[in-house]
Amino acid sequence: MNDDPLMIAGTAFSSRLIAGTARYPNQQVMLDALDASGTELVTMSIRRISLEGYSGSLVDLVSGRYRLLPNTSGCVTARDAILTAELAREALDTNWVKLELIGDRDLLYPDVEQLVHAADELVRKGFVVLPYCNEDPVACQKLADVGCAAVMPLGSLIGSGMGIANPAAIELICTRSPVPVVLDAGIGTASDAAQAMELGCDAVMIDTAIARSHDPVRMAAAMRAAIEAGRLARLAGRVPKQRFAEPSSPQLGLVGS
Amino acid sequence: MNDDPLMIAGTAFSSRLIAGTARYPNQQVMLDALDASGTELVTMSIRRISLEGYSGSLVDLVSGRYRLLPNTSGCVTARDAILTAELAREALDTNWVKLELIGDRDLLYPDVEQLVHAADELVRKGFVVLPYCNEDPVACQKLADVGCAAVMPLGSLIGSGMGIANPAAIELICTRSPVPVVLDAGIGTASDAAQAMELGCDAVMIDTAIARSHDPVRMAAAMRAAIEAGRLARLAGRVPKQRFAEPSSPQLGLVGS
Amino acid sequence: MNDDPLMIAGTAFSSRLIAGTARYPNQQVMLDALDASGTELVTMSIRRISLEGYSGSLVDLVSGRYRLLPNTSGCVTARDAILTAELAREALDTNWVKLELIGDRDLLYPDVEQLVHAADELVRKGFVVLPYCNEDPVACQKLADVGCAAVMPLGSLIGSGMGIANPAAIELICTRSPVPVVLDAGIGTASDAAQAMELGCDAVMIDTAIARSHDPVRMAAAMRAAIEAGRLARLAGRVPKQRFAEPSSPQLGLVGS
Amino acid sequence: MNDDPLMIAGTAFSSRLIAGTARYPNQQVMLDALDASGTELVTMSIRRISLEGYSGSLVDLVSGRYRLLPNTSGCVTARDAILTAELAREALDTNWVKLELIGDRDLLYPDVEQLVHAADELVRKGFVVLPYCNEDPVACQKLADVGCAAVMPLGSLIGSGMGIANPAAIELICTRSPVPVVLDAGIGTASDAAQAMELGCDAVMIDTAIARSHDPVRMAAAMRAAIEAGRLARLAGRVPKQRFAEPSSPQLGLVGS
Amino acid sequence: MTRLRINGVDAEVRVATIAELLVERGIDPRARFLAVAVNGAVVRRTEWPVAALSPGDEVEIVRPLQGG
Amino acid sequence: MTRLRINGVDAEVRVATIAELLVERGIDPRARFLAVAVNGAVVRRTEWPVAALSPGDEVEIVRPLQGG
Amino acid sequence: MTRLRINGVDAEVRVATIAELLVERGIDPRARFLAVAVNGAVVRRTEWPVAALSPGDEVEIVRPLQGG
Amino acid sequence: MTRLRINGVDAEVRVATIAELLVERGIDPRARFLAVAVNGAVVRRTEWPVAALSPGDEVEIVRPLQGG
């Protein structure tokens, strides 16, 4: 454990990267990328039994090495999201859940109103709830008020790779949130992840930007380094921006002057 | 030596961070920061003998551990810049020089016209010339044409911490430059350095952003990680940006759907 | 009436600028600025009788020349917002209301959850509701679904002058909204207003950016021109952005070539 | 003449838009667009006699209604640019010239070094020189020093429609230039033109953004309004940007509070 | 004497109707752009002369101000 | 024969308990990482051998998959 | 016959002056907005009737076109 | 006495060579990282003991400092 752990619901994590497990070219690349990313917490979905391919044994491969964070992806009603969370708890023996409640199937944008109600109920049922929300400081406050263990505002649309569309709003949420802020969705490249940490986020959730890059294992290493870099820079306290120049070398004693 | 070295004038560097040695709170912090940064190439200025403070023994401390890159900071004429370079070669026994030729003492902005002439002459005199220039692809091409070993376009004004003011121009220079591109000036925080590498820069030069941060040693580590992150992301090939969303979890088999 | 009117709830407006009446240095400047802005719809607040200054006769001055849009500014509960709207209807004899329901007194950020419920009830009570909301496409859809006559997403925080913090989200809302989109809050200068219209907004609401500028009357004229410019540019269909250059003058027949 | 004329070389212009005449779908659209733009100064190129189409009679159509500004577009040597300027003076009976000296045929990016020399010589030959340059404050100062009547820094690459890639540099040039600053190249839509004026530019040069839009006549009107809006906003003095909110309506006397 | 809460402030007044209350407060009931609510419900202007006030009533008397 | 709705699809099955249903579906009830809900309520694994199924029951049989 | 280079193209022409050259090329020397340079130097319109052309002269004949 | 300009300042010194000048200035000529130029031309360290100084010579004596 490093000296600057991420604390969520009393659990300490050395890594501030939460990794998805979907959209990889194949299972081995996924495992190598998770390894390279240094993540300690990986997300999974809950789906009806079917005859699909490799995913059957996915849990066996990751459950030993990583804490699992099941999600309720795709749910559009509080009822389905809550049932999915309860099935996840039974299937994976964890009361942690990444709560997703979608208000628009095209945009995969959260339905903040239902989200707060579902989060409230899941907290009462004993879940550790990490809700995927938007960059709305009032919604984030409500989610913290009902007992969520963290908030997960989007940087931009899921899978878009557009980075952090509204840095000012994310920074505002970070300065005010009583619970950890995990930037979720939209990360496209390493500097996006570093920026998230510099804005004050406690962690970053990444799936597509790693899984769909040309070299997921290398990109996973890039994201790991970027999140460390952004965190260190945040702690180090950056220089202020100023509109004019300031010399770095000494001004006096110039040759020939 | 790592498997992705930076090559300048036939010399290989594991680190892609060129570090300044000025503006640190004190000498020990500077040494610790240089160490934390992983740099292998540090810049120095050349000044007339005087009774100034600690700097007297600076070279003894760094010359053994790092390759030195003397600069011609503050020079406003080709004549002074060339003489300063020759004095640096004599004093430090290196033919490498970071050529600075300032056209505006307030902005510390390069004088491209004189810069090309001075670079041409220094190359003829056997110097390895790394010129501080602006984000002008034509000027960068001319500097490469006269034999510069690299080009060092500014991100923004020296010491401003404004980051990369014109990413499109930097990217354009990187795609076309026959010599390494080192982003110089303006870096403010880690994500700026990562972005520079993602745009295609081969290295980044940093002084103020480390030396003047609240915790230079930690910021040095941040910059080291950021440059590695940006380089890895560049090599890994990021996902394309798209304006719409794409789900990461499977679409089929939703509970209750 | 021009040939491109703004239609809200069946009412046509030649001007696409909704103007606030607060924060002006004095009443005459306000009247001159409203005149210069070309607005046809101005906002007012509803407050308890007191012995405050000039505002007593404000309505007499503007009610004849402009349609009034009372707001529920400052309300933090649906109950207070609804009562304020009903008092406004009685006092000003209009069923139009700019519905504001604040979830955070520091940020003056909307409480989307309560906002939808209050809007729903006011629509049932026969009001023409224009809700101040955030750049949340799902919330905007819900507001339209309950019968709001328009949606008024914020560009950035009220009075901040930060412009449009999340252009992609505003554009997304504009492409999908079944009702007019009025950009509200955050406009700082003319180009912000032009940008709002180019993103697809149907109108812009401005108060502080005019009232608190150094020369409100001139800034009002600037905003009027900017909104017309942005609207015309939107209708004219801008050239695509491309990363490379394209000559405008003929390529052939160069002298000396 | 309005009360805020643009002065170049002692000549006053009511319009701050310099319009190109190329790339229009046809001649009538060009004439209508020039009319709608309100421009008083239009650019033309100088080319060898050939059997090309409509352009033969172009001058007859515009020379009576607009002051002509011949350019040296396409020239890559000072010699060709100077000869082209002299031929233009003979052909059009004007000593005004938009000096273009390209250092890269793909990017159409200026060659600052040659540009300064050619400008110097043309000024000595009695020309009123308006040089197309880059956003380099030192180069702009040199061009003013050799007697140019204005400087024309690029916003972004010619014909790219990318807008103003480096607003800070343009603003810096505007604050320091002893001669008028005309933003040239890169304007894509109305808000770009408004922004240029807000940054302090004295005028804007536009060709492609109008000629290649879906509706050039309407876009010309948009640009005219945008430039007026940006100029008025600059003169009116915008509100400062602040990171926090400030209420516009009165704080006291809230109903129910 | 009737104890009312007027615009959030407790007051003892000797009035029977809203119209009388306005007059007692120095407000001309014929003045334009006024509105009144009692216990959270708007009372139309036409009712002011007859609308009776009871002890403990919460009265809101408002008018428009500048706003954004 | 019992008529059930299994994972959103109607089916006629000759089973009495969830455990039997899983077997009938070719799923090993001892397999890890399975979960079952009947009519919107999760049935704990320990109940599978005894939990009776009634006609019209809506059964969800799920397991984890990759996710983001 | 005089060998000239006209607008970058070699040509054999039977003319003595610029004016004659223009006519020979089918260009009306009185047409407005024309300009001519010989060997890199502009020849004013008034000189066209008398300005003699020598073998090897490089002649530029230009006029304005649309431009940006 | 020789009148020199040393690092931009006029000075009267009683020295014949660069080595003597350094000593006279309290600088150990064997110290590392020093460089000297006379009238715009660098004088190699090996020449210091013999390089003669003439009246009016412009001498630069430099060493490295921190820099960016």
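A, B, ... follow the sequence lines: proteins, then strands. Residue 1 opens every chain.
Under a 4.0 Å N-O distance rule, the pair A:E90/F:R45 does not qualify as a salt bridge.
Taking CZ of F:F33 as the start and CG of A:L68 as the end, the distance is 7.5 Å to the nearest 0.5 Å. Taken from CE in A:M30 to CD in F:Q66, the straight-line distance is 8.5 Å, to the nearest 0.5 Å. Rounding to the nearest 0.5 Å places CZ of F:R63 at 11.5 Å from CG of A:L92.
Only the side chain of F:I27 has a heavy atom closer than 4.5 Å to any heavy atom of chain A. Using a 4.5 Å cut-off between heavy atoms, A:T84 makes no contact with chain F at all.
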- Task: Begin with the C-alpha distance, continue with both residues' side-chain angles, and end with the deciding distance and a verdict on side chain to side chain contact (heavy atoms under 4.5 Å, CB included) for A:I49 and F:N7.
- Result: CA-CA 8 Å; A:I49 283 279; F:N7 286 355; 4.3 Å; yes
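At most 12 heavy atoms of other shown residues, nucleotides or ligands fall within 6.0 angstrom of atom CG in A:D93. Under a cut-off of 6.0 angstrom, the local environment of CZ in A:R67 is crowded, with over 12 non-hydrogen atoms contributed by other residues, nucleotides or ligands.
Applying a 4.5 Å heavy-atom cutoff, the residues of residues 204-220 of chain A that approach chain F are A:M205, A:D207.
The two residues A:L83 and F:G40 make their nearest non-hydrogen contact at CD1-O, 3.5 Å.
Not one N or O on the side chain of A:N71 forms a donor-acceptor pair closer than 3.5 Å with the backbone of F:G67. Proximity of a side-chain donor or acceptor of A:R48 to a complementary backbone N or O of F:E60 within less than 3.5 Å is not detected.
Of the listed residues (A:S73, A:A91, A:G20), the one with the most heavy-atom contacts under 4.5 Å to chain F is A:A91.
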